[in-house]
Amino acid sequence: MRALVVALLLLAPLPAAAQGWEPKRNAELQLLDKVTARVTVVKAAVGQAAPFGTLSIQVRACNARPVGEVPDAAAWMEITDSLRPDVAAFRGWMFANAPGVNMLEHPVYDVRVLDCK
C-alpha cells in the first residue's frame, strides 16, 4: 500500500509553484497606434531596442511555458517615450494570457505580448 502511495505521488503533476518557465530569445509583440488604428506585430530580441512611433521598447527577459503545459508567455520590458524621456512609460512583466494584469498606460499606444520564441 505504501509503495502505491509513493508511486502515485511521483506520477502526480507538479503543483503550479513548481512548474517552470523557459527563457527565450525573442518576444513577439502586438503594437497598436490608437490614433491611426494601425496594428503591427514586431519580433523584439531580448536586450535590443524595438522602436514603435515615439516608443522605445527594451525586452529584458522573455519566458514561455514548457511544452505540455498551458501555453503562456511573459516578458519583462522597459518602455520609454521620446516625448517624455525622463519618465519610464512602463517597467515590468507583461503576460500573454493576462494582458490586463500589468499593461502600458499610454494615450496613443498599446503594447501586448503575444509569445516568446
Side-chain angles (χ1 to χ4, degrees):
M1 176 72 172
R2 183 179 169 136
L4 177 62
V5 171
V6 171
L8 288 175
L9 287 174
L10 290 174
L11 295 175
L14 294 173
Q19 296 175 355
W21 292 84
E22 296 177 345
K24 303 294 181 178
R25 295 182 153 194
N26 295 295
E28 189 174 74
L29 307 174
Q30 178 178 296
L31 310 168
L32 168 66
D33 182 324
K34 298 176 193 176
V35 175
T36 63
R38 182 181 63 158
V39 175
T40 305
V41 176
V42 171
K43 186 183 239 184
V46 172
Q48 295 181 359
F52 182 72
T54 61
L55 299 181
S56 177
I57 304 164
Q58 283 273 350
V59 178
R60 301 290 185 195
C62 199
N63 301 320
R65 289 288 192 182
V67 175
E69 292 187 26
V70 176
D72 197 5
W76 174 268
M77 293 187 284
E78 294 177 10
I79 302 173
T80 56
D81 188 335
S82 64
L83 299 178
R84 296 202 53 197
D86 55 323
V87 179
F90 178 86
R91 180 179 292 130
W93 287 100
M94 281 190 192
F95 297 89
N97 285 351
V101 170
N102 198 18
M103 59 189 193
L104 169 70
E105 294 181 20
H106 193 278
V108 179
Y109 304 108
D110 276 338
V111 177
R112 180 174 177 187
V113 175
L114 297 177
D115 200 3
C116 292
K117 298 178 180 185

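Members clustered with V39: L32, by chain and number, using a 4.5 Å side-chain heavy-atom cutoff among hydrophobic residues. Grouping Ile, Leu, Val, Met, Phe, Trp and Tyr by side-chain contacts under 4.5 Å, direct or through others, leaves L83 on its own.
For K43, there are no salt bridge (Lys or Arg N to Asp or Glu O under 4.0 Å) partners, not counting sequence neighbours. For T36, the side chain to side chain contact (heavy atoms under 4.5 Å, CB included) partners two or more places apart in sequence, or in a different chain, are D33, R38. With sequence neighbours left out, R25 forms a side chain to side chain contact (heavy atoms under 4.5 Å, CB included) with no residue at all. Residues that satisfy the side chain to side chain contact (heavy atoms under 4.5 Å, CB included) test with A73, not counting sequence neighbours, are A96, V113, D115, C116. Under the ring-ring contact (aromatic ring centres under 6.0 Å, His included) criterion, F90 pairs with no residue at all, not counting sequence neighbours. Listed by chain and residue number, K34 satisfy the salt bridge (Lys or Arg N to Asp or Glu O under 4.0 Å) test with D110 (two or more places apart in sequence, or in another chain).
Considering every non-hydrogen atom in both N26 and A45, the closest pair reads OD1-CA, 3.3 Å. Heavy atoms only, all atoms of each residue included: A49 and Q58 are closest at CB-NE2, 3.5 Å. Nearest heavy-atom pair across K24 and K117 is CB-O, 3.4 Å. The two residues A44 and L29 make their nearest non-hydrogen contact at CB-CD1, 4.1 Å.
Under the 4.5 Å side-chain heavy-atom criterion for ILVMFWY residues, a single connected hydrophobic cluster contains both V59 and V42.
Residue pairs that meet the disulfide (SG to SG under 2.5 Å) test with at least one member in residues 71-108, sequence neighbours left out, do not exist here. The ring pair (Phe, Tyr, Trp, His ring centres under 6.0 Å) pairs that include a residue from residues 97-117 are F52-Y109, H106-Y109, where partners are two or more places apart or lie in different chains. The disulfide (SG to SG under 2.5 Å) pairs that include a residue from residues 72-106 number zero, where partners must be two or more places apart or lie in different chains. The side chain to side chain donor-acceptor pair (under 3.5 Å) analysis of residues 84-105, with sequence neighbours excluded, yields no pairs.
Side-chain atoms of E28 and V41, non-hydrogen and from C-beta on, do get closer than 4.5 Å to each other. Annotation: side chain of L55 is in contact with side chain of V111 (closest heavy-atom distance under 4.5 Å). Put simply, the side chain of T54 does not reach to within 4.5 Å of the side chain of V108, judged on heavy atoms.
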